[in-house]
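Worth knowing before you read on, the calculation uses all heavy atoms, side chains too, and leaves out hydrogens, waters and symmetry mates.
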Amino acid sequence: MKNKKLLFIILSLVCSVAISFFIEIVYFNRKVITRNNIEKVQVIDTHDMIEKNGSYLTTSDSSYVILKLKSNYVNKLAFDYKAKDDFLWQIEYKNDQGIKKKIDNKSSSYIDISTRLINDRTDTIKICFKQKNIKVGNFEVNNKIYINYSRVIFIILLIFTLSILIKYSKYFTKHLEKAFLLIAIVSGFLMIFVNSKVVYVSWDDQIHIKSASSLFSTKETKSSLAMQIIQEYNLTNEGTIQSREEKLAFYKSLNKIHNKTKNRVVQLNDYASRYNRIVYIPFYLGFKLANLLNFNFIFGIILAKIFNFACYCLLMYFAIKISKHTKKMIFIISLLVSNIFLATQFSYDSIVTASITLGLASYFRLLEMKKIDYKYILIFILSIVWGSLTKAIYCPLLLLILFIPNDKFKNKKDANKFRFMIIAITLLLMSTFVLPALFGGLGGDSRGGNTSVTKQMAFIISNPLQFVKILIKFFLKSAPDLFLGSFTLCGTAYVLNSDVTNFTYLISLVYILYYIFTDPIDKKILNNKTKIIMAICFIGIWLLISTAMYLDFTEIGQSIINGVQPRYFIPILLLLLMILRPTEDNVKGDKKYSCMFCIIPFCLIMYTIFNIIITTLAI
């Protein structure tokens, strides 16, 4: 039996590799498969350019060169350059159908090559440079067969993983934690390696990478110039890196800069207590290991992301494993596109989500027991506290345990001790935000604007009814999008357009709602009273999130609430799904589902990754 399984796995892998390379060469390289060459093009005319040793120097902001092609097809146009600053340039040509085309470009001073995908037929190309003192040369047309390993690995893993999930569907539907690990490891690996940028991918990740790399530093830390460059150099908005070749050149340049400046000491403006930043520990360990093993700069960043994603997988794995009647709900949440995406970027949201989910899994496990197991109480407290240290708005979840019946404890005295401890911990966590706000210790959004927590709180105290109206209006307008909207279920921040997100969202929403309402839970485990308590807790957290954003992110006295994002509600999504989940009398066990239960989330994530590959620099 074991030999047959091994043989199937080996054959599946071999077939996946063969199919992947066939598709890559025959389909993606179909226009160059008969050419497969690099053509050195001839410069036939120039304007405001000085030639020296085969290179050309621009002397005005209207300099240009005209290139003559031997063949009438250009896949990629490439040239070398030297520039002190980023510069603008333009490609002009007329294709074989007589249509004039112009392509505006911007190139980075941090690299010295430019490669642009043209994929058109033409005999001549004009390149216009918009700045002086740009040295260019080595013009060529690249019509070689190009193996894009992002696509190759994607197709291999897609076919191989699907074959495994289908072949062993019965096993994986019985062991959802292992199905989660397989899907998460495959998709997470791809998500980390196919993204074209290391920062400015998710929300505020240029800030998170700085905090993660200097986690235990106080007033100063060692940070290379390369780290400063990626924090300040927004590739998304600048658009200076526009091809895979340029991306690799940029990373190579960063590695060199890092090696020269890695012992550079910089001052830190924020060296306050860092108890609320322990959520960055996985990133920090990745950075430290990379430094210890003397890895290059970019691989150090990748390793930090891997450590964070591994932590997310570990927490979610145990959340699914310890669950009994909430396995399917947690499995669904753990493989949301938004969660896998955030877990592979510089964002602590995924670890907060995984921690809170593990805590809630322990809570529901306690509800299922006749007599509580104190290890689950410990897991519950530690998980909720860890998730709440960064964002204290989630600490009211601790209060859920107050409503567990006394007869589940050893005795009433023991129950009261736990309740007192829970209340004390909750108040302590709440005080980390409330007390500084009351005594003027918080100033508002650090990124600027007319914001002040203390002044905004004074406005609320003096205008309580107006603030209540603001909250009600905000709830009615935004609640559906925040709780079960597209960015809650399938958000990819700055990476993909709305068309891709809307498609994955529609499938995700139908998938989630179907499996919620077709899998009732026994009323003895989750009764209406408990649901009401959970609903009150959920609304309370919504109020805390909304109020916190009004205090910290909204300008003083405004009638709207700014800064509330759907990702803030992902950690309590399990709570919402269990509130919506129907209850029945004498439910014998969880309903069994087909292999599609595992395949659908996998396909949604892979569809997202495929679109990242074809719409970003992984071309």
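Annotation: the span from Ile322 atom CD1 to Tyr317 atom OH amounts to 12.0 Å, rounded to 0.5 Å. To the nearest 0.5 Å, atom CG of residue Leu509 and atom CD1 of residue Ile512 are 6.5 Å apart. Separation of atoms CG (Asn611) and CZ (Phe503) is listed at 9.5 Å; rounding is to 0.5 Å. In this structure, the separation between OH on Tyr505 and CG on Leu604 is 13.0 Å, given to the nearest 0.5 Å. Distance check, rounded to the nearest 0.5 Å: CG of Leu190 to OG of Ser150 gives 8.5 Å. A distance of 4.5 Å separates CG in Asn308 from OG in Ser350, rounded to the nearest 0.5 Å.
Side chain of Arg581 to main chain of Asp519: a donor-acceptor pair is present (N/O by atom type, distance under 3.5 Å, no hydrogens or angles). Ser169 places no side-chain N or O within donor-acceptor distance of the main-chain N or O of Cys595, the cut-off being under 3.5 Å. Thr344 places no side-chain N or O within donor-acceptor distance of the main-chain N or O of Met191, the cut-off being under 3.5 Å. A donor-acceptor pair under 3.5 Å is formed between the side chain of Ser338 and the backbone N or O of Thr488. Judged by distance alone, with hydrogens and angles left aside, the side-chain atoms of Ser383 form no donor-acceptor pair with the main-chain N or O of Phe380 at under 3.5 Å. Side chain of Lys324 to main chain of Arg365: no donor-acceptor pair is present (N/O by atom type, distance under 3.5 Å, no hydrogens or angles).
Heavy atoms only, all atoms of each residue included: Thr161 and Leu157 are closest at OG1-O, 2.6 Å. For Phe331 against Phe180, the heavy-atom pair with the smallest separation is CE1-N, 3.7 Å. The shortest heavy-atom contact between Glu177 and Ile320 is N-CG2, 3.6 Å. The shortest heavy-atom contact between Thr554 and Asn562 is OG1-N, 2.9 Å. Residues Asp522 and Asp585 approach most closely at OD2-C, 4.5 Å, considering heavy atoms. Closest approach of Tyr284 to Ala212, counting heavy atoms only: CD1-O, 3.4 Å.
At least one side-chain heavy atom of Ile230 sits under 4.5 Å from a side-chain heavy atom of Ile301. Looking only at side-chain heavy atoms (C-beta outward), Phe307 and Phe287 stay at 4.5 Å or farther from each other. Looking only at side-chain heavy atoms (C-beta outward), Tyr312 and Asn339 come within less than 4.5 Å of each other. Between Thr530 and Phe403 the shortest side-chain heavy-atom distance does not fall below 4.5 Å. Looking at heavy atoms from C-beta onward, Leu471 lies in side-chain contact with Ser546 at the 4.5 angstrom threshold. Within the 4.5 Å cutoff, the side chain of Phe569 has heavy atoms near those of the Ile545 side chain. Thr326 places none of its side-chain heavy atoms less than 4.5 Å from the side chain of Leu577. No side-chain heavy atom of Gln558 sits less than 4.5 Å from a side-chain heavy atom of Ile470.
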### Task
Could you go through the side chain to side chain contact (heavy atoms under 4.5 Å, CB included) check for Leu315 and Trp386 one step at a time?
CA-CA 12 Å; Leu315 291 171; Trp386 190 20; 3.9 Å; yes
### Task
Take Phe193 and Phe189, measure what ring-ring contact (aromatic ring centres under 6.0 Å, His included) needs, and give me the verdict at the end.
CA-CA 6 Å; Phe193 282 93; Phe189 167 82; 4.8 Å; yes
### Message
Under the criterion side chain to side chain contact (heavy atoms under 4.5 Å, CB included), I'd like the reasoning laid out for Ser347 against Ser202: C-alpha separation, chi angles, the key distance, then a yes or no.
### Response
CA-CA 7 Å; Ser347 169; Ser202 63; 4.1 Å; yes
### Task
Check the pair Met329, Met578 against side chain to side chain contact (heavy atoms under 4.5 Å, CB included), reporting the backbone distance first and the verdict last.
CA-CA 8 Å; Met329 299 298 104; Met578 293 302 289; 3.9 Å; yes
### Query
Hey, mind stepping through Gln565 and Phe487 against side chain to side chain contact (heavy atoms under 4.5 Å, CB included) and telling me if it holds?
CA-CA 8 Å; Gln565 296 189 29; Phe487 275 92; over 6 Å; no
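For Lys531, the NZ atom is densely surrounded, since the number of other residues' heavy atoms within 6.0 Å is greater than 12. Atom CG of Leu465 has 12 or fewer heavy atoms from other residues, nucleotides or ligands within 6.0 Å. Few gaps surround CZ on Phe467; more than 12 heavy atoms of other groups in view lie less than 6.0 Å from it. Other residues, nucleotides and ligands place no more than 12 heavy atoms under 6.0 Å from the CZ atom of Phe610.
Between Phe459 and Tyr550, the two ring planes are tilted [angle within 30° to 60°].
Annotation: Tyr348 is in aromatic contact with His208 [ring centroid separation under 6.0 Å]. Taking the six-membered ring for Trp and the full ring otherwise, the centers of Tyr494 and Tyr200 sit at least 6.0 Å from each other. The aromatic ring centroids of Tyr511 and Tyr515 lie less than 6.0 Å from each other. Taking the ring centroids of Tyr376 and Tyr363, they lie at or beyond the 6.0 Å cut-off.
Looking at Ser478 and Asp481, their side chains never bring a donor and an acceptor atom within 3.5 Å of each other.
Contact check on Asp349 versus Lys391 returns a salt bridge, with a Lys/Arg side-chain nitrogen under 4.0 Å from an Asp/Glu carboxylate oxygen.
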